[in-house]
Amino acid sequence: MAFTDQEIKDKLQSVIGWEHKSDNIFKTYRFPDTLKALDFINKLSMVAEHYSHYPEITLKFNQVLVKLGIEEQDFTIIREAEKVAVEMI
């Protein structure tokens, strides 16, 4: 299912910091240190495994870039990533 720009904007309204550009949705999470960033990646990987839907994840020191496409499952992963991030605060 293809989403319009407005539908994407509406879906991202409930999450903070996610951006839409071209055919991708992405967010950079920042953590106090690399170990916390790696912990987030491990937890998000378990979520991705559960849904059999995998984001592109890039680690740079304490920053984690999560990049997804624009499918319904991507929005599920976004919501789950936000839950993981909140649990880590």
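Treat the numbers as computed from the prediction; the structure is a model and nothing was measured. Quick note: residue numbers are just sequence positions, from 1.
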When rounded to the nearest 0.5 angstrom, what distance separates [atom1] in [X] from [atom2] in [Y]?
| X | Y | atom1 | atom2 | result |
| --- | --- | --- | --- | --- |
| Leu68 | Asp23 | CG | CG | 13.0 Å |
| Asp74 | Ile25 | CG | CD1 | 6.5 Å |
| Gln63 | Thr34 | CD | OG1 | 10.0 Å |
| Asn42 | Ile57 | CG | CD1 | 9.0 Å |
| Ile70 | Lys11 | CD1 | NZ | 11.5 Å |
| Leu44 | Lys83 | CG | NZ | 13.0 Å |

Positive for side-chain contact (heavy atoms from CB on, under 4.5 Å) with Phe3, one of Lys9, His20, Glu72: Glu72

Using only atom types and a distance under 3.5 Å, with no angle test, would you say the side chain of [X] pairs donor to acceptor with the backbone of [Y]?
| X | Y | value |
| --- | --- | --- |
| Thr28 | Leu65 | no |
| Asn62 | Arg30 | no |
| Glu7 | Thr4 | yes |
| His53 | Pro55 | no |

Partners meeting side-chain contact (heavy atoms from CB on, under 4.5 Å) with Asp39 (sequence neighbours left out): Lys43, Met88

Provide the closest heavy-atom pair for [X] versus [Y] in the form atom of the first, atom of the second, distance.
| X | Y | value |
| --- | --- | --- |
| Trp18 | Ala81 | CZ2-CB, 4.3 Å |
| Glu19 | Leu12 | C-CD1, 4.5 Å |
| Asp33 | Lys36 | OD1-N, 2.8 Å |

Side-chain donor-acceptor pair present, Glu82, Tyr29, cut-off under 3.5 Å: yes

Do [X] and [Y] sit in the same hydrophobic cluster, where Ile, Leu, Val, Met, Phe, Trp and Tyr count as joined when their side-chain heavy atoms come under 4.5 Å apart?
| X | Y | result |
| --- | --- | --- |
| Tyr54 | Val64 | no |
| Met46 | Ile77 | no |
| Phe26 | Ile41 | no |
| Leu59 | Val47 | yes |

Pairwise side-chain contact, Phe75 with Val15, heavy-atom cut-off 4.5 Å (strictly under): no

